[in-house]
**Q** 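My structure is below; once you've seen it, I'll send some questions.
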Amino acid sequence: MAGVMETEEQARHRFQLELEFVQCLANPNYLNFLAQRGYLREKPFVNYLKYLLYWKEPEYAKFLKYPHCLHMLELLQYEHFRKELVNAQCAKFIDEQQILHWQHYSRKRTRLQQALVEQQQQQPQAPSHGNTTSK
Amino acid sequence: MAAAEKPTKEKLLSTLDDIEVLSRELIEMLALSRTQKLPQPGEDTEQILELLVQRDKEFQELMQTAVEQGRVHQEMQALEKEVEKRDSDIQQLQKQLKEAEHILATAVYQAKEKLKSIDKARKGSISSEEIIKYAHRISASNAVCAPLNWVPGDPRRPYPTDLEMRSGILGNMSNMSTNGVNGHLPGDALAAGRLPDILTPQYPWQSADVSMGILPPHHGNDFGLEPPGHNKENEDDVEAMSTDSSSSSSDSD
């Protein structure tokens with residue numbers, strides 16, 4: 001089964017398939033879907049998830065567009081996580097947290113920009129403040 | 001030497017005792033001969049005198065020996081002191097040596113650790129240019145950082161959405177008739193067999209991908225493949241197509 005030699009064409013194709021599949025794992029709704037249909041309980045599937053860990057190597061990781069999938073892949077190695085994913089609330093929670101985290105940097109940036117704007121607004125008053133503080 | 005048989009002190013004391021006894025006898029004899037007014041036979045007195053002289057000689061000799069012994073004893077003490085001093089010197093040197101060894105051992109150990117970490121860092125080194133390129137790629141598509149104008153209700157997500165998934169190769173697998181693919185997923189033929197059931201095909205994407213001319217190297221058991229970045233472009237194209245469709249679907253919503 002696994003010992004059969006594949007052609008280059010097939011290898012390329014398989015690469016693309018695995019690339020797409022591993023990135024789909026970043027979608028918590030998809031994970032919930034897989035869990036509810038029992039795929040996450042099957043030993044061959046669990047072995048496949050372990051095999052997919054090769055995407056963590058830098059020479060493969062550079063092809064990933066959605067890097068969240070690597071974290072999900074790591075979590076999926078744990079049976080507890082796979083069991084929990086059957087619940088829709090679990091998947092929803094993960095989804096919400098993921099999106100909030102995704103917004104983290106934009107929020108940080110807007111906060112920094114706001115702080116900068118406030119600083120600039122305060123600058124014209126700076127000389128008077130300086131006199132009071134020196135006293 | 002005589003001292004090996006009996007301590008000099010004892011000998012001296014015994015000689016002194018003898019002298020004491022002899023002289024007492026002599027004095028008693030003399031005193032007796034005085035009171036008794038008899039001419040004492042001179043033999044006894046002579047004997048006693050001789051013995052006395054002998055004992056005195058012995059005594060003198062023993063004193064000499066004692067002095068000699070005292071000197072030797074003093075020398076011995078001086079040497080012992082020297083020995084003690086040298087001993088303490090050696091001990092101190094030993095301590096310093098131990099300390100030095102300890103410091104050197106620590107230094108060597110830390111140097112080895114450093115070398116190990118250098119090796120490790122060298123192994124994992126990636127050109128900064130590549131990292132920056134990758135950072136651009138994943139940020140530009142908003143995959144890791146939300147777009148600044150994102151509001152709840154925006155269909156964009158940090159993971160591939162349903163539409164994107166369906167537009168990819170996986171989504172179109174039930175359209176294809178290549179048997180090779182199904183047989184070669186390692187360890188899990190089931191996943192290969194079942195995935196087409198999950199995703200319904202919408203966009204026939206497959207032919208466009210392959211015609212891009214990707215040439216990955218092939219590793220036998222490892223299944224390690226390294227196609228060039230064309231695949232990323234495929235994902236981008238998928239993204240482009242799906243954002244078009246998603247924007248149209250959000251319009252319809």
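Sequence lines set the chain letters: A, B, ... in the order given, protein chains first and strands last, and positions in each chain run from 1.
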**Q** Within the distance-only criterion (no hydrogens, no angle test), does the side chain of Ser106(A) pair as donor or acceptor with the backbone N or O of Ala146(B) below 3.5 angstrom?
**A**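 Such a contact is found between Ser106(A) side chain and Ala146(B) backbone.
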**Q** What is the distance from atom CE of Met165(B) to atom CD of Gln23(A), rounded to the nearest 0.5 Å?
**A**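 The CE atom of Met165(B) sits 11.5 Å away from the CD atom of Gln23(A).
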**Q** Would you call Pro158(B) and Tyr66(A) a side-chain contact if the rule is heavy atoms closer than 4.5 Å?
**A**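 Contact flag for Pro158(B)/Tyr66(A) side chains = no.
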**Q** Do any of residues 78-99 of chain A come closer than 4.5 Å to chain B, heavy atom to heavy atom, and if so which ones, in number order?
**A**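 Asp95(A), Gln98(A), Ile99(A) fall under the 4.5 Å cut-off.
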**Q** Please check this pair: side chain of Asn27(A) against backbone of Thr161(B), looking for a donor-acceptor N/O pair closer than 3.5 Å.
**A**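 Checked: no pair found.
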**Q** Would you confirm whether Tyr134(B), through its side chain, and Leu64(A), through its main-chain N or O, come within 3.5 Å as a donor-acceptor pair?
**A**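 Yes, the answer is positive, given that a donor and an acceptor are paired below the 3.5 Å cut-off.
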**Q** I need the Lys62(A) NZ to Ile138(B) CD1 distance, nearest 0.5 Å.
**A**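 Rounded to the nearest 0.5 Å, the NZ-CD1 separation comes to 14.0 Å.
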**Q** Identify which of Pro58(A), Ala61(A), Cys69(A) forms the greatest number of heavy-atom pairs closer than 4.5 Å to chain B.
**A**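 The candidate making the most pairs under 4.5 Å is Ala61(A).
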**Q** Look up atom CD1 in Ile169(B) and atom NE2 in His13(A), then write down how far apart they are to the nearest 0.5 Å.
**A**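 Output value for this atom pair is 6.0 Å.
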**Q** Could you give the distance from NZ (Lys65(A)) to CD (Glu164(B)), rounded to the nearest 0.5 Å?
**A**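 Here the rounded value is 5.5 Å.
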**Q** Are Asn29(A) and Tyr159(B) packed together at the side-chain level, in the sense that at least one heavy-atom pair is separated by less than 4.5 angstrom?
**A**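 Of all side-chain heavy-atom pairs linking Tyr159(B) with Asn29(A), at least one is under 4.5 Å.
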**Q** Could you state the interatomic distance from CZ (Arg109(A)) to SG (Cys145(B)), rounded to the nearest 0.5 Å?
**A**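 Interatomic distance, Arg109(A) CZ to Cys145(B) SG, rounded to 0.5 Å: 5.5 Å.
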**Q** For the NE2 atom on His71(A), are there more than 12 heavy atoms of other groups (residues, nucleotides or ligands in this structure) within a distance under 6.0 Å?
**A**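 No.
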**Q** Under 3.5 Å, is there a donor-acceptor pair between the side chain of Trp102(A) and the main chain of Asn142(B)?
**A**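 Yes; at least one donor-acceptor contact below 3.5 Å.
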**Q** Could you pull out the closest heavy-atom pair between Cys24(A) and Pro160(B), with the gap in Å?
**A**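 What the structure gives for the nearest pair is CA-CG, 3.8 Å.
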**Q** Given that the side chain runs from C-beta out, which part of Arg107(A) has a heavy atom under 4.5 Å from chain B: side chain, backbone, both or neither?
**A**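 No part of it gets close to chain B.
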